[in-house]
> 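Supplied in structure tokens, the structure appears directly below.
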Amino acid sequence: MNEPLTQHHWLTHAAPAVATSTVLILGRIWNANGAEHSLGNATLMVVLTAGAATAGAFAATGRGGGDGVLAGTAFATSGALALAGVSGYADGWSLPILLWAVATAVAYGIAARYWRTDRRDRTAHERHTTVRREEHAHVERVEALRAGAQIEAARAGAAYAEQLATALITRATLPGYDPAALTRAGLPELPAPTEHQ
């Protein structure tokens, strides 16, 4: 039986740092290509960041309680755009690195919550599976015992029938055997032995 993998791949744990580092690097590349102190580029990033945050807010408060995954994705996009905008607009490294550290810490905080939930769900599933396997094994053992008992009872019945048939045949061959005498004595009549074909 193929068991599901119970450990996360190392890349899963590195994903938040990889994501925020990628955004920081792209922002700094954009900075080197003319985004530094560009009012048009800063306006674009503010509009995109606000749009993503607004989409996240609408997704979170939508009909039926909202879609948490969509809202989380929209807010993550908003944060990434804000980090990229600051990285592209700022003239030094201190503010982008500070925002990168904060974004990475927040990303790991959020990811840890989901990893904890995933681990709890996986543990509950493994326990449930173990309980089901033990129940099935118990049922199989009970059925095997019941079948064994039925087989033994059938063997004992067959052995008794064979012994009875042998006794009837042996009794019928004894000299002086008179089945009518048994009936007159008040004993129940035994069936007459039949000829085997």
Side-chain angles (χ1 to χ4, degrees), residues 1-33 35-36 38 41-144:
M1 175 185 238
N2 293 333
E3 292 293 331
L5 294 176
T6 57
Q7 295 296 323
H8 288 292
H9 193 271
W10 66 269
L11 196 55
T12 303
H13 294 292
V18 169
T20 55
S21 297
T22 302
V23 171
L24 175 66
I25 291 167
L26 291 175
R28 292 315 289 175
I29 290 171
W30 186 34
N31 176 281
N33 288 307
E36 185 176 346
S38 170
N41 289 331
T43 303
L44 172 67
M45 293 311 286
V46 167
V47 169
L48 291 175
T49 301
T54 303
F58 279 126
T61 60
R63 227 182 302 163
D67 185 355
V69 174
L70 185 60
T73 303
F75 285 127
T77 302
S78 175
L81 289 170
L83 177 60
V86 170
S87 297
Y89 189 78
D91 54 357
W93 274 92
S94 58
L95 183 58
I97 291 293
L98 176 64
L99 286 178
W100 170 83
V102 170
T104 302
V106 169
Y108 270 108
I110 293 170
R113 176 180 165 211
Y114 289 107
W115 291 335
R116 201 170 32 252
T117 301
D118 183 49
R119 185 172 51 247
R120 191 172 28 243
D121 292 345
R122 189 173 57 245
T123 302
H125 174 72
E126 288 171 358
R127 286 180 184 153
H128 178 69
T129 302
T130 301
V131 167
R132 279 191 8 218
R133 282 184 189 149
E134 289 175 359
E135 287 174 355
H136 286 288
H138 175 72
V139 169
E140 287 175 3
R141 282 192 297 271
V142 167
E143 290 302 319

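As a basis for the values below, the full set of heavy atoms in this structure was taken, side chains included, without hydrogen atoms, waters or symmetry mates.
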> Testing the basics here: between Leu83 and Pro96, what is the closest heavy-atom pair and its distance to 0.1 Å?
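Scanning both residues, the minimum pair turns out to be CD1-O, 4.1 Å.
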> Using side-chain contact (heavy atoms from CB on, under 4.5 Å) as the criterion, list what pairs up with Thr117, not counting sequence neighbours.
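Counting only residues at least two positions away or on another chain, Thr117 forms a side-chain contact (heavy atoms from CB on, under 4.5 Å) with Arg120, Asp121.
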> I'd like to know if the side chain of Asn31 and the backbone of Ala90 have a donor-acceptor N/O pair within less than 3.5 Å.
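At least one qualifying donor-acceptor pair exists.
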> Rounded to the nearest 0.5 Å, what separation is found between the OH atom of Tyr89 and the OG1 atom of Thr43?
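These two atoms lie 8.5 Å from each other.
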> Please find the pair of heavy atoms, one from Ala14 and one from Tyr108, that lie closest to each other, and give the distance.
CA-OH, 3.8 Å
> Within this structure, what is the CD-CZ distance for the pair Glu126 and Arg119, rounded to the nearest 0.5 Å?
12.0 Å
> Could you pull out all donor-acceptor pairs under 3.5 Å where a side-chain atom in residues 53-60 meets a protein atom, sequence neighbours excluded?
from  : atom 1 : to    : atom 2 : distance (Å)
Thr54 : OG1    : Ala50 : O      : 2.7

> Can you give me the closest heavy-atom contact between Trp30 and Gly88, atom names plus distance?
CE3-CA, 3.9 Å
> Could you tell me which residues satisfy side-chain contact (heavy atoms from CB on, under 4.5 Å) with Leu81, sequence neighbours excluded, listed by chain and number?
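Listed in chain order: Met45, Leu48, Thr49, Ala52, Thr77.
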> Sequence neighbours excluded, which residues qualify as side-chain contact (heavy atoms from CB on, under 4.5 Å) partners of Arg132?
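By the side-chain contact (heavy atoms from CB on, under 4.5 Å) rule, Arg132 matches His128, His136.
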> Find the distance between CZ (Arg113) and CG (Asp118) and round it off to the nearest 0.5 Å.
13.5 Å
> Enumerate the residue pairs fulfilling side-chain hydrogen bond (donor to acceptor under 3.5 Å, both in side chains) with a member in residues 17-29, sequence neighbours excluded, ordered by first and then second residue.
Thr20-Trp100, Thr20-Thr104, Ser21-Trp100
> Taking the side chain as everything from C-beta on, heavy atoms only, tell me whether Glu135 gets closer than 4.5 Å to His138.
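No, too far: nothing below the 4.5 Å cut-off.
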> Applying side-chain hydrogen bond (donor to acceptor under 3.5 Å, both in side chains), can you list everything that pairs with Glu143, at least two apart in sequence or on another chain?
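So Glu143 forms a side-chain hydrogen bond (donor to acceptor under 3.5 Å, both in side chains) with Arg146.
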> Kindly say whether Ile29 contributes a backbone atom to a donor-acceptor pair with the side chain of Asn33 at under 3.5 angstrom?
yes
